[in-house]
Every structure is written in C-alpha cells, then in structure tokens.
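All values derive from a computational prediction rather than experimental measurement.
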Amino acid sequence: MISYLRGVLAAVEEEKVVVDVGGVGYGIYMSGQAMGKLPPIGREVKIHTYLNVKEDAMQLYGFLTRDDLSVFKLLIGVNGIGPKGGLGVLSVLSPDDLRFAVLSNDVKAICAAPGVGKKTAEKLILELRDKLKLEDALDHIAAESAVSEDTSIYGEIQSEAVQALVALGYGSTEALKAVRQVELKESMEVEDVLKLALKHMMI
C-alpha cells in the first residue's frame with residue numbers, strides 16, 4: 001500500500017498529475033479543487049494516496065491532506081460510488097462542506113457533483129450521517145482562520161455565526177461557506193461576523 005508520495009510535480013494533465021519520485025513518474029488522479037492548490041510544476045509536493053486495484057488496472061488517487069483521504073475512503077464505501085465518483089464529490093465539495101451537507105440533509109449540494117443523482121445523494125447522506133462529525137468541520141475552520149493563540153474563541157464565534165444563519169433560513173453548507181470567507185479580527189463579535197457573512201451571501 002502506498003500511503004503517500006513525496007517528489008517533484010512533473011506535469012498537470014486534465015484529470016491527473018505526474019509526480020517524479022526518484023526518476024519514476026507516478027500518475028495520480030486528483031480532484032480539480034485539489035489540483036488548483038498545487039505548487040508550480042518543478043516544485044516538491046507531498047500527496048496522500050489511495051491505490052485502487054482492478055482486474056485490468058492499478059490507479060492512484062491523490063489528496064493534499066489526510067482528512068481529504070479519510071473522507072474519500074468513506075465516500076467510496078457507499079454503495080454506488082466508486083473512486084471516480086468519490087473524486088467527483090470532492091471536486092465540488094470540500095470535506096467540511098460535505099460534512100455540513102450530510103448533517104443538514106442538503107441533497108441539492110451533493111447532487112452538484114458530476115454523476116450523482118438524487119437517489120445516490122440520499123443514500124450517501126443516510127450512510128455517512130453517523131460517520132461524519134460536525135465538530136470536525138468547526139475545528140478545521142477554527143484552525144484555518146485563527147488570528148491569535150486562542151483559537152477556541154474564534155471557533156466559537158464562527159460556530160455561533162453559522163447557527164445564526166441557519167436559524168435565518170439559510171442552508172448549513174451555504175452558511176459555512178459564507179462564514180469561512182470572513183477574515184476574522186481580534187475585536188470581532190458574532191454580530192460582526194454575521195453581517196459580513198450576509199454580505200458575502202448577497203454578492
């Protein structure tokens with residue numbers, strides 16, 4: 001099992017990248033969202049991988065974080081969603097967006113993934129509801145947007161802002177995206193984050 005590859009990014013193709021590891025080029029399928037975050041060609045990269053073995057092929061699927069890989073493994077565990085389908089979901093939804101979509105029963109958000117219809121989205125929600133935790137998503141946005149050593153305060157502010165938007169009738173996934181776009185500052189209160197998040201939602 002190949003857990004990850006560290007090497008030089010040699011090429012970026014339509015659906016995959018090529019990473020040169022000690023003179024051997026590994027073709028790795030990645031989501032468009034992940035490929036957009038890669039460094040320029042010629043730079044070193046570390047990609048977490050999943051090896052899919054079929055009768056006629058061996059394919060590597062790559063992810064920038066272990067969290068992305070973990071969520072991918074959960075996705076392909078759902079009957080009807082193969083590796084390409086799982087990658088398609090992560091092309092339109094980040095792991096945190098997926099957590100909110102699943103926990104808020106947001107079928108529409110999941111159906112935005114290529115090849116995922118309403119029945120498959122409903123099945124995905126049903127099977128993953130007990131495996132994806134809302135706390136993980138809130139922990140991630142707190143860590144990503146921390147502006148001081150006390151990250152827990154900002155995490156609480158963001159969580160309360162998301163809950164307030166949901167109470168106003170917005171979808172959980174939509175609310176999370178809007179709150180994540182707000183640049184937190186030390187003097188901010190929940191009301192400040194809420195106002196700025198609403199502005200992002202109206203653009």
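Separating the CG atom in Leu90 from the CG atom in Leu75 is a distance of 5.5 Å, to the nearest 0.5 Å. Considering OG1 of Thr65 and NZ of Lys46, their distance stands at 11.0 Å, rounded to 0.5 Å. Remark: Leu5 CG to Ile2 CD1 distance equals 5.5 Å, nearest 0.5 Å. With values rounded to the nearest 0.5 angstrom, Leu132 atom CG is found 6.0 Å from Leu74 atom CG. Rounded to the nearest 0.5 angstrom, Glu160 CD and Glu189 CD are separated by 9.5 Å. If you take CZ on Arg66 and OH on Tyr4, they are separated by 10.5 Å, rounding to the nearest 0.5 Å.
Leu126 and Val89 fall into different hydrophobic clusters, where Ile, Leu, Val, Met, Phe, Trp and Tyr residues are linked whenever their side-chain heavy atoms come under 4.5 Å apart, directly or through other members. Tyr26 and Val8 sit in two unconnected hydrophobic clusters of ILVMFWY residues. Membership requires side-chain heavy atoms under 4.5 Å apart, directly or through other members. By the rule that hydrophobic residues join a cluster once side-chain heavy atoms approach within less than 4.5 Å of another member, Leu51 and Val19 end up as members of one cluster. Criterion: ILVMFWY side-chain heavy atoms under 4.5 Å apart, direct or through other members. Under it, Ile41 and Val18 are not part of a common hydrophobic cluster.
Glu14 and Met35 make their closest contact through O-CE, 4.2 Å (heavy atoms, listed as atom of the first residue, atom of the second, distance). Val107 approaches Glu122 most closely through the heavy-atom pair CG2-CG, 4.0 Å. The two atoms that bring Ala197 and Val182 nearest to each other are N-CG2, 3.6 Å, heavy atoms only. Across every non-hydrogen atom of Ala161 and Val190, the tightest pair is N-CG1, 4.1 Å. The two residues Met30 and Gly62 come nearest to each other via the heavy atoms CG-O, 3.7 Å. When all heavy atoms of Cys111 and Ala121 are compared, the pair lying nearest together is SG-CB, 3.8 Å.
Side-chain atoms of Ser91 come within 3.5 Å of backbone atoms of Leu87 as a donor-acceptor pair (strictly under, hydrogens ignored).
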Full working for side chain to side chain contact (heavy atoms under 4.5 Å, CB included) between Ile47 and Val17
CA-CA 10 Å; Ile47 298 178; Val17 301; 4.1 Å; yes

Margin query: Could you walk me through whether Gln33 and Ser94 satisfy the side chain to side chain contact (heavy atoms under 4.5 Å, CB included) test, starting with their C-alpha distance in whole Å, then the side-chain angles of each, then the deciding distance to 0.1 Å, before giving a yes or no?
Written below: CA-CA 8 Å; Gln33 194 172 109; Ser94 71; 3.7 Å; yes

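The number of heavy-atom neighbours closer than 6.0 Å to NZ of Lys108, taken from other residues, nucleotides and ligands shown, is 12 or below.
A heavy-atom distance below 4.5 Å is found between the side chains of Leu69 and Tyr50. In this structure, the side chains of Lys54 and Asn52 come closer than 4.5 Å at one or more pairs of heavy atoms. Using a 4.5 Å heavy-atom threshold, the side chains of Leu38 and Leu64 count as touching. Contact check for Lys84 versus Tyr61: side-chain heavy atoms found under the 4.5 Å cut-off. Contact check for Val78 versus Glu127: side-chain heavy atoms found under the 4.5 Å cut-off. At least one side-chain heavy atom of Pro39 sits less than 4.5 Å from a side-chain heavy atom of Val45. Side-chain contact between Pro83 and Gln59: absent, with no pair of heavy atoms (C-beta onward) separated by less than 4.5 Å. Residues Tyr29 and Leu60 fail the side-chain proximity criterion, which asks for heavy atoms closer than 4.5 Å.
Residues satisfying the side-chain hydrogen bond (donor to acceptor under 3.5 Å, both in side chains) criterion with Glu13, sequence neighbours excluded, are absent altogether. Evaluation of the side-chain hydrogen bond (donor to acceptor under 3.5 Å, both in side chains) rule for Asp20 yields no partner, not counting sequence neighbours.
Salt-bridge check for Asp67 with Arg99: passed, with a basic side-chain N closer than 4.0 Å to an acidic carboxylate O.
Using cut-offs of 30° and 60° on the angle between ring planes, the pair Phe72 and Phe63 is tilted.
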